[in-house]
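The structure appears right after this line, and notes come after that.
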Protein chains: 2
Amino acid sequence: MQLSPVMESFILHWGEMGSRWGLNRTVAQIYALLYVAGTPLPADEIAGTLKVARSNVSTSIRELQSWGLIARTHAIGDRRDHFVAETDLWTAAARVADARKRREIDPAIEALAGCLSDARTDDAIGKDAVARIRSMHDFLEAAGGWYEDVRELPQSKLETLMKMGAKVARLEARARKPKKKKKGKGRR
Amino acid sequence: MQLSPVMESFILHWGEMGSRWGLNRTVAQIYALLYVAGTPLPADEIAGTLKVARSNVSTSIRELQSWGLIARTHAIGDRRDHFVAETDLWTAAARVADARKRREIDPAIEALAGCLSDARTDDAIGKDAVARIRSMHDFLEAAGGWYEDVRELPQSKLETLMKMGAKVARLEARARKPKKKKKGKGRR
DNA sequence: TCCTTATTTCGGAATATTCTGAAACATCGT
DNA sequence: ACGATGTTTCAGAATATTCCGAAATAAGGA
């Protein structure tokens, strides 16, 4: 795959971004490459283009699949697996959110539940400390539950909901601080 | 600060969690400690309780402040700074979300905008590749804008909105898969 | 089966992050 | 000003992560 200067810079930037997001550089770059390429690429070509070890690509592809961000495809007359990026960004974002919930929120809830159950036999801990732990547990559980509910909405409904949110926000803002000149009606 | 077994395990778990969330262990543990303690603690006591270097506490406290998760307070007759955790979890979550947007989303938008402007003078890049980059840029910008709008809502409104979301989700779910005991009247 | 090609695993090198302890710095009271 | 107390900075040690390349494994076709 021949990269144009902008494609290259896009990929590099994504590598940066990825680190902030908890992916590692290679993983992020591979996604970026597949995303701009817009066409399925085999692993060795990815390795060649990004100049990383073939094995590194293998591992990273695994991770991307676990995030649900790329998919395997096959080309006729080619035994190699090819990979495509999910290009619908709503879908991709949802996949990332799902994965993060699963990895970050759910285990936390579980851990906190464990603490709470242990707390019953811990006579050195204060009542209020337990209460605080409980409220953190409940908070996470509520947020998680809400997410699950909303997560299953078809995209159209979701968009409607988001627009509603934004609209409410704008009305609210106007009501609360009518000092802004409010020249533009749009955001930003 | 004397830690009970459960408090200790809570803190340890939080340290774990923190790493998944992009904080480092010490930072996460300090927040956890202040959170369960529920009372302001001076830096050296934090260091003593968690058995980490005093300087490490100093750095971590800085970071926690930059996330807006703890605040300085003072006790009469004590020159030392004391720190308390934000215990309202709505607020804390909002602070984290703000910080993440600022660190993760905003720079990404900027980088993508840069790519797009460069793309005009890059004749080796395909139209469709540019289009894909643009759609990613627009997606992030839209999401960021939405977030900003909603972010400013008072908590009560936000909660209403979330409840609405969940309710819509439940109705929607019933309409779409009428196999639940409810005799589905709607089909799609 | 055996040869060829594609993929994965894995030990350790390269790199990046986190943490420590000492020293520098700041602030207050006297 | 000086000492006492508290805080921050910083270089390098400790640790963790990422990456490479060789070797093992799988899978297809003759």
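Since we're looking at a predicted model, the values are computed, not measured. The sequence lines fix the lettering, A, B, ..., with proteins before strands; numbering per chain opens at 1.
Straight-line distance from the NE2 atom of A/H82 to the C1' atom of C/dA6: 11 Å, rounded to whole Å. Here C/dT27 presents its P atom at 12 Å from NE2 of B/H74, a figure rounded to the nearest Å. Rounded to an integer number of Å, the gap from B/E63 CD to C/dC19 C1' is 14 Å. Spacing between atom CZ of B/R80 and atom C1' of D/dA4 amounts to 14 Å, rounded to whole angstrom units. When rounded to the nearest whole Å, the span between CG of B/L23 and P of C/dT18 equals 10 Å. In this structure, A/R25 atom CZ and C/dA14 atom C1' are separated by 11 Å, rounded to whole Å. Atom CZ of A/R72 is separated from atom C1' of C/dT8 by 11 Å (rounded to the nearest Å). To the nearest angstrom, C1' of D/dG6 lies 10 Å from CG of B/D78.
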* To do: Check step by step if side chain to side chain contact (heavy atoms under 4.5 Å, CB included) holds for A/W21 and B/R100.
  => CA-CA 9 Å; A/W21 272 81; B/R100 288 183 90 135; 5.7 Å; no
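DNA chain C lies under 4.0 Å from no heavy atom of any residue of residues 34-44 of chain B.
Counting only residues at least two apart or in different chains, salt bridge (Lys or Arg N to Asp or Glu O under 4.0 Å) contacts with residues 69-91 of chain B comprise B/D44-B/R80, B/R72-B/D81, B/D78-B/R80, B/E86-B/R95. Applying the side-chain hydrogen bond (donor to acceptor under 3.5 Å, both in side chains) test to pairs two or more places apart or on separate chains, those with a residue in residues 120-132 of chain B are A/S4-B/D122.
What you find for B/F83 and B/T73 is that their closest heavy atoms are N-OG1, 4.5 Å. Closest approach of A/M7 to A/M1, counting heavy atoms only: CE-CE, 3.8 Å.
Taking only side-chain nitrogens and oxygens, A/R62 comes nearer than 4.0 Å to OP1 or OP2 of C/dT9. Taking only side-chain nitrogens and oxygens, B/S58 never comes nearer than 4.0 Å to OP1 or OP2 of D/dT7. Remark: B/N24 is in phosphate contact with C/dC19, judged by side-chain N or O atoms under 4.0 Å from OP1 or OP2.
Scanning for side-chain hydrogen bond (donor to acceptor under 3.5 Å, both in side chains) contacts around B/D98 gives B/Y147, B/R151, with sequence neighbours left out.
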Is there any protein nitrogen or oxygen under 3.5 Å from a nitrogen or oxygen in nucleotides 21-23 of chain C, and what are the pairs?
residue: C/dG21; atom: N7; partner: B/S55; partner atom: OG; Å: 3.2
residue: C/dG21; atom: O6; partner: B/S55; partner atom: OG; Å: 2.6

Close N/O contacts between protein and nucleotides 24-30 of chain D (under 3.5 Å):
none

